[in-house]
There are 2 protein chains.
Amino acid sequence: MARSMHVRRPATLASLAAELGVSRTTVSNAYNRPDQLSPELRRRVLETARRLGYPGPDPVARSLRTRKAGAVGLLLTENLSYAFRDPAALGFLEGLALACEGAGQGLHLVPVNPEREDVAAVHRAGVDGFVVYSVPDDDPHLAAVLSRPVPTVVADQPTVDGVDRVGIDDRGAIMELAQQLITLGHRKVGVICMRLARDRNDGFAPVERQKTAHFHVQRTRLAGLSEAFAKVGVDWSRVPVVERFDHSTASGASAAAQLLDADRDVTALICTSDILALGALTEAKRRGLRVPQDLTVTGFDGIAEGERLGLTTVRQPVLEKGKAAGKLLLASPDPTRPREITLPTELILGTTSAAPRTAEERWFGP
Amino acid sequence: MARSMHVRRPATLASLAAELGVSRTTVSNAYNRPDQLSPELRRRVLETARRLGYPGPDPVARSLRTRKAGAVGLLLTENLSYAFRDPAALGFLEGLALACEGAGQGLHLVPVNPEREDVAAVHRAGVDGFVVYSVPDDDPHLAAVLSRPVPTVVADQPTVDGVDRVGIDDRGAIMELAQQLITLGHRKVGVICMRLARDRNDGFAPVERQKTAHFHVQRTRLAGLSEAFAKVGVDWSRVPVVERFDHSTASGASAAAQLLDADRDVTALICTSDILALGALTEAKRRGLRVPQDLTVTGFDGIAEGERLGLTTVRQPVLEKGKAAGKLLLASPDPTRPREITLPTELILGTTSAAPRTAEERWFGP
DNA sequence: GTGAAAGCGCTAACAG
DNA sequence: CTGTTAGCGCTTTCAC
């Protein structure tokens, strides 16, 4: 019953002022500038408010007036469920949430139905800025965000003119990992990557598709690998690259299967994420392939489960990335600021990589 | 440079209308009711908008006018980092996000600094309703939410008058688990639970504290256990109950250590969450106690990692819970609706529970 | 310490 | 199909 009086808005700041016989300014001050009133008057205002069931200034009206929504929008085009199950995305989200919390800002998850191309939600979001995380560069939602007159930060995304950016050196990091494999002696490698564009392509990705990939992170990592292996004479166009639309361990496993079925000479499986690598590991085990003796498997991200398994990978500071995005957005309103933050990564050698077996070993056993 | 023109708001609906020599209604219709204009005029409006850099109707102004914010608020008092690392909370969050996405509603995470008791963020959130997840019943943020004139749904929370609720039968579920242990022969049990109130108490929780716990879920589970064991003559006041403020496996481990150190006769450790149980398992292993031969350990929630380890637990549908909360909030505006949704749970026997060893076995080996 | 005036930018009847 | 009229509820100079 106490609730029923809350259900509709019976009172406004104006009606409260009328009831009290004071001006609206005074009531407003009672809430926003306590020092501008006598304590006694303020007490009276607040008490009358309670009596009338006035819940305090309407947030939306206040936002309109002050031109501040007190929230930042987060655009995650990827199907929400994947985001919530990808430790890297989750780490980013946590870091961003922490930054927002620290600044007293809400975090508004923009609803994006991956099926419909409904950009309306972006226009409907009452936020002071946007963070865009890992969406394809031709995503209409991204365009919609950029059309909004609020500051924006993109993460794991190609540079957009004048938009702040946070990310890592994907190319350099994966080249370092590639170099490690090259040093170990791997020349026949296969790659498992996440989706490269908005259309579903569960299968091999020709070089052309790799180069025109719309996901910056994937494109850049593939380019880094290609460059590193080209340096030692590997013809990249003959390197099998298997793409998966869904980002899951199941995808990693099926991609590994597809790749190993097609090319039995491969000595190393390079995965562009730890989640995919976890799946590849499962498939290797299923086939009775010992890792790393028979097959080297590498990942990217540095998630906890991969660490437990000793996965060879590149660790990136996902939590920091989220925090950095939040700070970038919330800190400087507009001045000449560092337009770009590149976070450091670390190569984790792990125990899932080793020198490849020679051809004889492969055929005649260890 | 294209960005610079977006940085401030150069045009408004009114200025656009003036420029075009039409009324504001017409411009508004161009965006909101395309069928109310000639296609030609609409095209002209939209094109002029682009030329002037008008980003479309301001979301906040629209919200004020339409009295719809297009977002639901989520109140998670718990330190954000814990929420993002607790699979049960994450499942709830995912379900809720899914429900919001389906309804085209944003999800606004209310920033709550656990340190400061700053309720302002709740008042500042421009949302059409709130979901409150597992906060203490005396939390000022909860009170603030209830004071807002918008519909609210609480999850894992005691009934608040007139507020919709979603949850499970915590008491019944844990009593079923207790009965299982009782049937196996356990009488000397110990309990590890999450925090019972807003103050930190890392240690034993006397019965009085258990009964007055401010976290409904914890209070109810403890009450269920107490009731089940009382029925077979166990004096609950002598049952050690260890509380931990932080919800982590580390907490579970240290609590198990504390409990086992104080009472070496305990044959079963009942944990009120899987996360805590995972920690207890670790500590048991560290001590060389075999589970379940030397010690029975049980959890609650049904998280994936627990399932992999064969943890005896109660599985609850966390994703469904989140979805249900969202639907409850978004579906019916107010009419006579089912005020409460109780989701089913399932007892998972697992492999971490067995009959206790007899006293002789305990002292003289198997 | 308090009040009057002036919108913030938009949408929704209702008339034409 | 288009325009006129009225606010939504609030904050904020700037006088008093």
Side-chain angles (χ1 to χ4, degrees), chain A residues 8-46 48-49 52-70 120 123-128 148-150, chain B residues 8-46 48-49 52-70 120 123-128 148-150:
Chain A
R8 63 169 162 266
R9 169 179 299 272
T12 69
L13 186 144
S15 71
L16 219 195
E19 170 82 17
L20 280 159
V22 302
S23 81
R24 300 200 297 276
T25 307
T26 301
V27 178
S28 177
N29 282 339
Y31 285 96
N32 304 315
R33 305 177 168 184
D35 52 315
Q36 300 293 296
L37 272 72
S38 66
E40 165 54 16
L41 177 54
R42 181 170 135 88
R43 204 193 46 69
R44 248 183 71 218
V45 172
L46 264 31
T48 309
L52 264 53
Y54 176 66
D58 178 282
V60 174
R62 167 188 276 157
S63 286
L64 175 59
R65 183 62 234 235
T66 61
R67 312 261 42 171
K68 296 238 146 299
H123 290 292
R124 218 182 295 281
V127 298
D128 300 323
R148 294 265 317 249
V150 294
Chain B
R8 62 167 165 268
R9 169 177 300 271
T12 69
L13 187 144
S15 70
L16 220 195
E19 169 83 16
L20 281 159
V22 301
S23 80
R24 301 198 300 272
T25 306
T26 300
V27 178
S28 177
N29 282 338
Y31 285 95
N32 304 314
R33 305 177 168 183
D35 53 316
Q36 300 292 296
L37 281 76
S38 66
E40 166 55 17
L41 177 55
R42 181 170 136 87
R43 204 193 47 68
R44 248 183 70 217
V45 172
L46 263 32
T48 308
L52 264 53
Y54 175 66
D58 180 281
V60 173
R62 168 188 275 156
S63 287
L64 175 59
R65 185 59 237 235
T66 61
R67 312 260 45 171
K68 296 236 146 298
H123 289 291
R124 218 182 295 280
V127 298
D128 300 324
R148 294 266 315 250
V150 295

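Owing to the predicted nature of the structure, the values given are computational and were not obtained by experimental measurement. The figures here come from the full heavy-atom set of this structure, side chains too, leaving out hydrogens, waters and symmetry mates. Chain letters run A, B, ... following the sequence lines, proteins first and then strands; every chain starts at 1.
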Side chain of A/L41 - closest among C/dT2, D/dC10, C/dT11: C/dT2
Gap between atoms CZ and C1', on B/R24 and C/dC14 respectively (whole Å): 15 Å
Whole-Å distance separating the CG atom of B/L16 from the P atom of C/dG9: 13 Å
Nearest heavy-atom neighbours spanning B/A11 and B/L52: CB-O, 4.2 Å
Closest approach of A/L64 to B/A61 (non-hydrogen atoms, all atoms of both residues): CD1-CB, 3.8 Å
Rounded distance in Å - CG (A/D35) to P (C/dT2): 12 Å
Spacing between B/H123 atom NE2 and D/dC10 atom C1', to the nearest angstrom: 16 Å
Comparing B/G21 and A/N32 on DNA chain D - which has the more 5′ nearest nucleotide: B/G21
Which nucleotide in D/dG9, D/dT11, C/dA4 has an atom nearest any side-chain atom of A/T25: C/dA4
N/O (side chain, A/T26) to phosphate O (OP1/OP2, C/dG3) under 4.0 Å: yes
Residue-phosphate contact under 4.0 Å: A/S28 side-chain N/O, D/dT11 OP1/OP2: yes
Short side-chain N/O contact from B/T12 to OP1 or OP2 of C/dG9, under 4.0 Å: no
Distance test, side-chain N/O of A/R42 to OP1/OP2 of C/dG1, below 4.0 Å: no
Least distance between heavy atoms, A/V150 atom then A/D128 atom: CB-O, 3.6 Å
Residue-phosphate contact under 4.0 Å: A/N29 side-chain N/O, C/dT2 OP1/OP2: no
Interatomic distance where NZ belongs to B/K68 and C1' belongs to C/dG9 [whole Å]: 19 Å
Phosphate OP1/OP2 of D/dG9: any A/Y31 side-chain N/O under 4.0 Å: no
Residue-phosphate contact under 4.0 Å: B/R62 side-chain N/O, C/dT11 OP1/OP2: yes
Check: B/T66 side chain, C/dA12 base, donor-acceptor under 3.5 Å: no
Length of the CZ-P vector between A/R65 and D/dC10, whole Å: 13 Å
Pairwise 5' ranking along DNA chain D for B/Q36 and B/L64, keeping only the more 5' one: B/Q36
Sugar-phosphate, base or nothing in reach of B/V22, heavy atoms under 4.0 Å: sugar-phosphate
Spacing between B/Y54 atom OH and C/dC10 atom C1', to the nearest angstrom: 8 Å
Length of the line joining B/L13:CG and C/dC8:P, which is rounded to integer Å: 13 Å
C/dG1 OP1/OP2 closer than 4.0 Å to side-chain N/O of A/R33: no
Donor-acceptor under 3.5 Å (B/T66 side chain, B/R62 main chain): yes
Approximate separation, where rounding is to 0.5 Å, of A/T25 OG1 and A/L37 CG: 10.5 Å
Minimum-distance nucleotide to A/D58 side chain [options: D/dG9, C/dA6, C/dG3]: D/dG9
Test side-chain contact (heavy atoms from CB on, under 4.5 Å) applied to A/T48 and A/Y54, step by step: CA-CA 8 Å; A/T48 309; A/Y54 176 66; over 6 Å; no
